[in-house]
Participant: 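Below you will find the structure I want to go over with you.
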Amino acid sequence: MPHKNERANSRTSRSFSSVCGLVLFALFSSVARAQSAGGSFMTREALSAAASQADLSGNQPQAAAIRQRLATGDFKVGDRIVVGVVSDVSRTDTITVRDGLTAEIPGRGAVSLSGVLRSELKDKVTAAVLVYVKAYEVSVTPLTRIAVLGEVVHPGYFALRSDIPISDAIMIAGGPTASADLKRSIVRRDNREFRSQDQTREALADGTTLDQLGLAGGDELVVGKQRPFVGQSATTLLGVLGSVAAIVIAVRH
């Protein structure tokens with residue numbers, strides 16, 4: 001008959017294998033979502049439908065944010081765009097959105113991005129390139145500079161492909177810390193909540209991309225932190241009460 005320690009080790013091994021399996025499943029799921037999300041940008045028609053749906057559900061702030069996006073476009077000063085041109089000579093350049101929301105394509109003039117959505121960017125840049133060169137292929141990749149903060153290993157600002165899932169943005173920032181609670185994550189814009197915990201949790205579960213969630217340059221994805229255990233909270237409270245009592249006693253004496 002197996003020794004008690006051997007049975008315990010066997011159970012621990014099985015538990016560890018199960019955890020590893022879950023981790024691998026999550027990683028493969030993330031890769032699959034990233035591959036399926038490539039080039040998935042919200043069109044003007046899809047955004048208009050989303051605004052109408054937000055109106056019907058009574059979510060006026062979200063409806064207003066979508067209509068603002070439709071009016072002003074997706075690009076801000078400082079955003080970057082990777083442009084690849086395949087002709088007799090292949091070339092790849094990273095261009096930056098300048099004041100006035102213009103992007104200078106090297107040797108091919110400036111393109112206005114005022115009111116332009118990411119889904120409309122490729123056609124606009126391609127048209128500008130073809131005026132000056134006979135290209136076989138033009139690739140256009142918009143990048144969005146967002147902050148990934150809170151409970152991640154390497155918090156900071158990152159210039160990310162706009163068509164990657166929100167979960168990939170967290171992994172690029174080193175992944176969640178041991179005390180992270182993804183269900184408590186939010187998105188902030190201009191120091192205010194832009195996407196709630198429920199909206200962000202749903203986006204993470206569905207493999208929603210930065211573009212599909214409506215993120216723009218300067219937005220902050222804040223990964224939530226686990227709440228302390230009840231026992232830990234009680235211990236902390238008792239400690240605080242004990243300190244207060246000690247201060248009161250000291251003052252009286």
Participant: Which heavy atom of Ser48 sits nearest to which heavy atom of Leu70, and what is that distance?
Facilitator: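 Smallest heavy-atom distance, with atoms named: OG-CD1, 3.8 Å.
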Participant: Do Arg80 and Ile95 have side chains that approach each other closer than 4.5 Å (heavy atoms only, starting at C-beta)?
Facilitator: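 Counting from C-beta outward, Arg80 and Ile95 never come under 4.5 Å.
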Participant: When clusters are formed by joining ILVMFWY residues with side-chain heavy atoms under 4.5 Å apart, either directly or through shared neighbours, do Ile66 and Leu215 land in the same one?
Facilitator: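 As far as the 4.5 Å side-chain criterion goes, Leu215 and Ile66 are not connected within one cluster.
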Participant: Is there a donor-acceptor pair under 3.5 Å between the side chain of Lys122 and the backbone N or O of Val138?
Facilitator: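 Yes; judged by distance alone, with no hydrogens or angles, the pair exists.
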Participant: Heavy-atom distance under 4.5 Å between the side chains of Leu117 and Thr43, does that happen here?
Facilitator: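 Result no, sub-4.5 Å side-chain heavy-atom pair not found.
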Participant: Are more than 12 heavy atoms, taken from residues, nucleotides or ligands other than Lys124, located less than 6.0 Å from that residue's NZ atom?
Facilitator: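 No, the 6.0 Å shell around NZ holds no more than 12 heavy atoms from other groups.
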Participant: Taking everything shown except Lys225 itself, do over 12 heavy atoms lie less than 6.0 Å from its NZ?
Facilitator: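 Not more than 12 within 6.0 Å, no.
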Participant: Measuring only between side-chain heavy atoms, which start at C-beta, is Leu160 closer than 4.5 Å to Thr144?
Facilitator: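 No; the side chains remain at least 4.5 Å from each other.
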Participant: What distance separates Thr200 OG1 from Leu182 CG, expressed to the nearest 0.5 Å?
Facilitator: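 It comes to 10.5 Å.
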Participant: Hey, what do you get for CZ (Arg195) to CD (Glu220), rounding to the nearest 0.5 Å?
Facilitator: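 Rounded to the nearest 0.5 Å, the CZ-CD separation comes out at 15.0 Å.
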Participant: Report the C-alpha separation of Val77 and Leu101 in whole Å, then their side-chain angles, then the decisive distance to 0.1 Å, and conclude whether the side-chain contact (heavy atoms from CB on, under 4.5 Å) test is met.
Facilitator: CA-CA 6 Å; Val77 174; Leu101 294 181; 4.3 Å; yes
Participant: Are the side chains of Leu149 and Arg188 in contact, using a 4.5 Å heavy-atom criterion?
Facilitator: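 Yes. Closest side-chain heavy atoms under 4.5 Å.
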Participant: Which other residues end up in the same hydrophobic cluster as Tyr136, if Ile, Leu, Val, Met, Phe, Trp and Tyr are linked when side-chain heavy atoms come under 4.5 Å apart?
Facilitator: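 Answer for Tyr136: Val86.
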Participant: Rounded to the nearest 0.5 Å, how far apart are CG of Asp219 and CZ of Arg145?
Facilitator: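 Reported value, rounded in 0.5 Å steps: 12.0 Å.
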Participant: Tell me the closest heavy-atom pair linking Val111 and Ala128, and the distance in Å.
Facilitator: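 Shortest heavy-atom separation between Val111 and Ala128 comes out as CG2-CB, 3.6 Å.
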Participant: Please name the pair of heavy atoms, one in Val131 and one in Ala127, separated by the smallest distance, quoted to 0.1 Å.
Facilitator: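 Heavy-atom minimum between the residues: CG2-O, 3.3 Å.
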Participant: Considering only residues two or more places apart or on different chains, which pairs with a residue in residues 62-73 satisfy side-chain hydrogen bond (donor to acceptor under 3.5 Å, both in side chains)?
Facilitator: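 Passing the test, one end in residues 62-73: Asp55-Arg67, Asn59-Gln62, Gln62-Gln199, Arg69-Asp74, Arg69-Asp211.
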Participant: Quick check: closest heavy atoms across Lys76 and Ala216, and the distance to 0.1 Å?
Facilitator: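 Looks like CE-CB, 4.1 Å.
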Participant: Start with the C-alpha distance between Leu121 and Phe41, add both sets of side-chain angles, then the distance that settles side-chain contact (heavy atoms from CB on, under 4.5 Å), and finish with yes or no.
Facilitator: CA-CA 10 Å; Leu121 180 65; Phe41 298 120; over 6 Å; no
Participant: Are the side chains of Asp79 and Thr96 in touch, meaning some heavy atoms are under 4.5 Å apart?
Facilitator: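 Asp79 does not reach Thr96 side chain to side chain.
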Participant: Evaluate the side-chain proximity of Asp93 to Ile105: yes if any heavy-atom separation is below 4.5 Å, no if none is.
Facilitator: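 No, too far: nothing below the 4.5 Å cut-off.
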Participant: Nearest 0.5 angstrom please: Arg118 CZ to Met42 CE, how far?
Facilitator: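 Here the interatomic distance stands at 11.0 Å.
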Participant: Tell me whether Val152 is reachable from Ile186 by hopping between hydrophobic residues (I, L, V, M, F, W, Y) whose side-chain heavy atoms are closer than 4.5 Å.
Facilitator: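 No, Ile186 and Val152 fall in different hydrophobic clusters.
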Participant: Please tell me if the side chains of Arg227 and Arg184 come closer than 4.5 Å, counting only heavy atoms from C-beta onward.
Facilitator: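 When only atoms from C-beta onward are counted, Arg184 and Arg227 do touch, with a gap below 4.5 Å.
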Participant: State whether Arg44 and Glu120 are salt-bridged, where the test is any N-O pair (Lys NZ or Arg NE/NH1/NH2 against Asp/Glu carboxylate O) under 4.0 Å.
Facilitator: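 A salt bridge is present here (some side-chain N lies under 4.0 Å from a carboxylate O).
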Participant: Quick one: OG on Ser119 to CG on Asp163, what's the gap to the nearest 0.5 Å?
Facilitator: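 It is 12.0 Å, given to the nearest 0.5 Å.
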Participant: With a sphere of 6.0 Å drawn around CD of Glu202, does it hold more than 12 non-hydrogen atoms of other residues, nucleotides or ligands?
Facilitator: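 Result for CD/Glu202: open.
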Participant: About how many Å separate CD1 of Ile166 and OG of Ser185, when rounded to the nearest 0.5 Å?
Facilitator: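 The distance works out to 10.5 Å.
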Participant: Side-chain heavy atoms under 4.5 angstrom apart, residues restricted to Ile, Leu, Val, Met, Phe, Trp, Tyr: same cluster for Leu47 and Val187?
Facilitator: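 Cluster IDs for Leu47 and Val187 differ.
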Participant: Please report the closest heavy-atom contact between Gly207 and Pro165, naming both atoms and the distance.
Facilitator: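 Closest pair (atom of Gly207, atom of Pro165, distance): O-CB, 3.8 Å.
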Participant: Please answer whether the main-chain N or O of Arg98 pairs with a side-chain N or O of Thr102 as donor and acceptor at a distance below 3.5 Å.
Facilitator: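 Not confirmed, Thr102 side chain does not pair with Arg98 backbone.
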Participant: Please answer: with hydrophobic residues joined when any side-chain heavy atoms are less than 4.5 Å apart, are Leu143 and Val83 in the same cluster?
Facilitator: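 No, separate clusters.
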Participant: Are Val82 and Val85 grouped together when hydrophobic residues (ILVMFWY) are joined by side-chain heavy atoms under 4.5 angstrom apart?
Facilitator: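 No, no single cluster joins them.
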Participant: Considering non-hydrogen atoms only, spot the tightest contact between Phe194 and Leu213 and give its length.
Facilitator: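 So the two residues come closest at CE2-O, 4.0 Å.
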Participant: Do Val97 and Leu113 touch side chain to side chain, with heavy atoms closer than 4.5 Å?
Facilitator: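 They are in side-chain contact.
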Participant: State which residues pass salt bridge (Lys or Arg N to Asp or Glu O under 4.0 Å) with Glu151; sequence neighbours excluded, sorted by chain then number.
Facilitator: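 With neighbours one apart ignored, the set is empty.
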